[in-house]
Amino acid sequence: MKSDILWPMALTFFTTALFSVGGISAMIPEIHRSAVDVHRWMTDEQFAAAFALSQIAPGPNILLMTLIGWRVAGLSGLIVATLATILPTSALSLMAGRGEKRLQHARWYAMTKRSLPPLVVGLICASALVTAQAAIHEWLGVALAVGVAIHVAVSRTNPLVPLSVAVLVGVIAGRLGFY
Amino acid sequence: MTKAELFFGFLLVGLFGFGGIAAAAHHVIVERRRWLTNEGYAQVLGLGQVLPGANLVNMTTIVGDKFHGFAGAVLALLGLTLMPILILVGLATIYDHFAQQPDVIAATKAAAAGAAGLIFGTGFKLGKTILDSRWAVLFALLSFTSIGILRLPLVQTLLCLAPFAVAVSFWRGSREK
C-alpha cells in the first residue's frame, strides 16, 4: 500500500532534513541507508540513477528527495518527499531570520557555528563515499570521479562543465565497448 | 516589490539554476532585481548555511519572509522549486523512455560517478579551510567513519558527536584566553 511507504518516507526525510547540518549533501547517506538498505524502496542502481538525474537537473539539491518520492510513490510521493525535506528547515529559517539580531549575540550560537564545520566535512566526504559505492563499478568510473573531484577542488567554474565532460567520455567509452 | 514579483523572481532563480543555483540566486536577487545589496545577500545566505538543510531553500524562506511575511516565504519557496521539479520530472520521464539504450546507460553511469566526484571535490575544498587543528581533523574523521564506513544513522551520530565538538570548542576557547 502507498501509505505504507508515504509515512515512513515522510518521517525519514523530515528528521534527516532537520539534522542535515552543512547542507543537503549530509542527507544523502541517511537517505541511501533508508531507501536502499532499510526499506528497500529501490536498488543501488536505481539510487545511483536518481542521484545522477537530480544532479544534472537545475535547482536546489533537495531534488534527489523529490525524485526518490516520485519514483517510489508517484505524484503523492513527490509532494510528500519535497514537503518533508523543505518544511522542517524552512520553519527553522523563518524563526532564525526573524530572530537574527538576538541570535548573533547568543553565545551558544557562536559556539555551535564554530564547532560543527569539522563534522560537516566528515559528513560530506561520507556522502561522496556512499554515492561513489552506489554509482561506481568500473575503473573508468573511478577515473571520472577523480577527474571531476580534482577539477572541482582546484577551479571555480560551473561544476556542470566537468560533469558534461565526464558524461561525454562515458558515452564515447561505451561506444568503444569498454564502459 | 509585489508578491507576484517575488514569486516570479524566484521562478527565474529556479530556471537559471543549471549546474549552480547559488550563482543564479545571486544574479537575480542582487544584480537583476536589486532586492538586496551584496552584503545583505551574503548575510542571509550565511544564515541559511548555518541552519540545517539546503542553504538556498533556507535563504529563499528568509528573503520571502523579509518582504512579505509568511505568505512571501511560501510564494518564494513555490517559485524556487516549481520549475526545477517540473524539469526534473520531465527529465526523468525522458530518461525512462531511453533508459535501456547503451548510450544512455553509459551517460547515466558516468554522470553518477562524476557527481560523486563533485561531492568529494566539495568536501576536499571545504576541508582545506576548515580542518585547521588536530581536533578538527579528529571530528571530521569520526563523522566520516560513522556515516560513510560504519553506515550508522545520521541523527544518532550527530547527537553523540556534536556535544563533544561543542565542548572541545569551549575548552579550547577558554584555554586561549
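Being a predicted model, the structure only gives us computed values, none of them experimental. A, B, ... follow the sequence lines: proteins, then strands. Residue 1 opens every chain.
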Filtered by a 4.5 Å non-hydrogen cutoff, the part of residues 71-79 of chain B contacting chain A is B/Ala73, B/Leu77
Minimum heavy-atom separation for B/Ala110 to A/Leu144, with atom names?
CB-CD1, 3.6 Å
Side chain, backbone, both or neither: which part of A/His151 has an atom under 4.5 Å from a heavy atom of chain B?
neither
Measure distances from A/Val146 to the heavy atoms of chain B and classify the residue's part below 4.5 Å as side chain, backbone, both or neither.
neither
Is chain B contacted by the side chain of A/Ile28, its backbone, both, or neither, given a heavy-atom distance below 4.5 Å?
side chain
Under 4.5 Å heavy-atom distance to chain A, tell me which part of B/Leu158 shows up: side chain, backbone, both or neither.
side chain
When every non-hydrogen atom of A/Leu53 is compared with those of B/Ala92, the smallest separation belongs to CD1-CA, 3.9 Å
I need the minimum non-hydrogen distance between A/Ala17 and B/Pro52, along with the two atoms involved.
O-CB, 3.6 Å
Which region of B/Asp132, side chain (C-beta onward) or backbone (N, CA, C, O), has a non-hydrogen atom less than 4.5 Å from a non-hydrogen atom of chain A, or is it both or neither?
neither
With a 4.5 angstrom heavy-atom cut-off, which part of A/Ile136 approaches chain B: side chain, backbone, both or neither?
side chain
List the atom of A/Pro60, the atom of B/Pro84, and the distance in Å for their closest heavy-atom pair.
CD-CG, 4.2 Å
From CA spacing to verdict: side chain to side chain contact (heavy atoms under 4.5 Å, CB included), A/Phe51, B/Ile119:
CA-CA 12 Å; A/Phe51 171 64; B/Ile119 300 183; 3.7 Å; yes
Under a 4.5 Å heavy-atom cut-off, does chain B meet the side chain of A/Ser34, its backbone, both or neither?
neither
For A/Leu94, is it the side chain, the backbone, both or neither that has a heavy atom under 4.5 Å from a heavy atom of chain B?
both
Does B/Ala115 offer a backbone N or O that forms a donor-acceptor pair with the side chain of A/Gln55 under 3.5 Å?
no
Is there side-chain contact between A/Phe19 and B/Leu159, with at least one heavy-atom pair below 4.5 Å?
yes
Under 4.5 Å from any heavy atom of chain B - which part of A/Ser155
backbone
Suppose a student defines contact as a heavy atom less than 4.5 Å from any heavy atom of chain B. Which residues in residues 37-46 of chain A would they list?
none
Separation of A/Ser127 OG from B/Leu118 CG (nearest 0.5 Å):
12.0 Å
Turns out that what part of B/Phe70 lies under 4.5 Å from chain A's heavy atoms comes down to both
Minimal non-hydrogen separation, A/Pro118 against B/Ala136, with atom names
CB-O, 3.4 Å
Which pair of non-hydrogen atoms, one from B/Ala165 and one from A/Ser115, has the smallest distance, and what is that distance?
O-CB, 3.3 Å
Is it the side chain or the backbone of A/Leu140 that comes within 4.5 Å of chain B heavy atoms, both, or neither?
neither
Distance-only, no hydrogens or angles: does the B/Lys125 side chain make a donor-acceptor pair with backbone N or O of A/Val152 under 3.5 Å?
yes
In terms of heavy-atom proximity below 4.5 Å to chain B, should A/Leu163 be classed as side chain, backbone, both, or neither?
side chain
Check each atom of B/Leu142 against the heavy atoms of chain A and say whether the ones under 4.5 Å are side chain, backbone, both or neither.
neither
Residues of residues 172-179 of chain A with any heavy atom under 4.5 Å of a heavy atom in chain B:
A/Gly174, A/Arg175, A/Tyr179
Among residues 26-50 of chain B, which residues come closer than 4.5 Å to chain A, judged by heavy atom distances?
B/Gln43, B/Leu47, B/Val50
Indicate yes or no: at least one non-hydrogen side-chain atom of B/Ile149 is less than 4.5 angstrom from one of A/Leu129.
yes
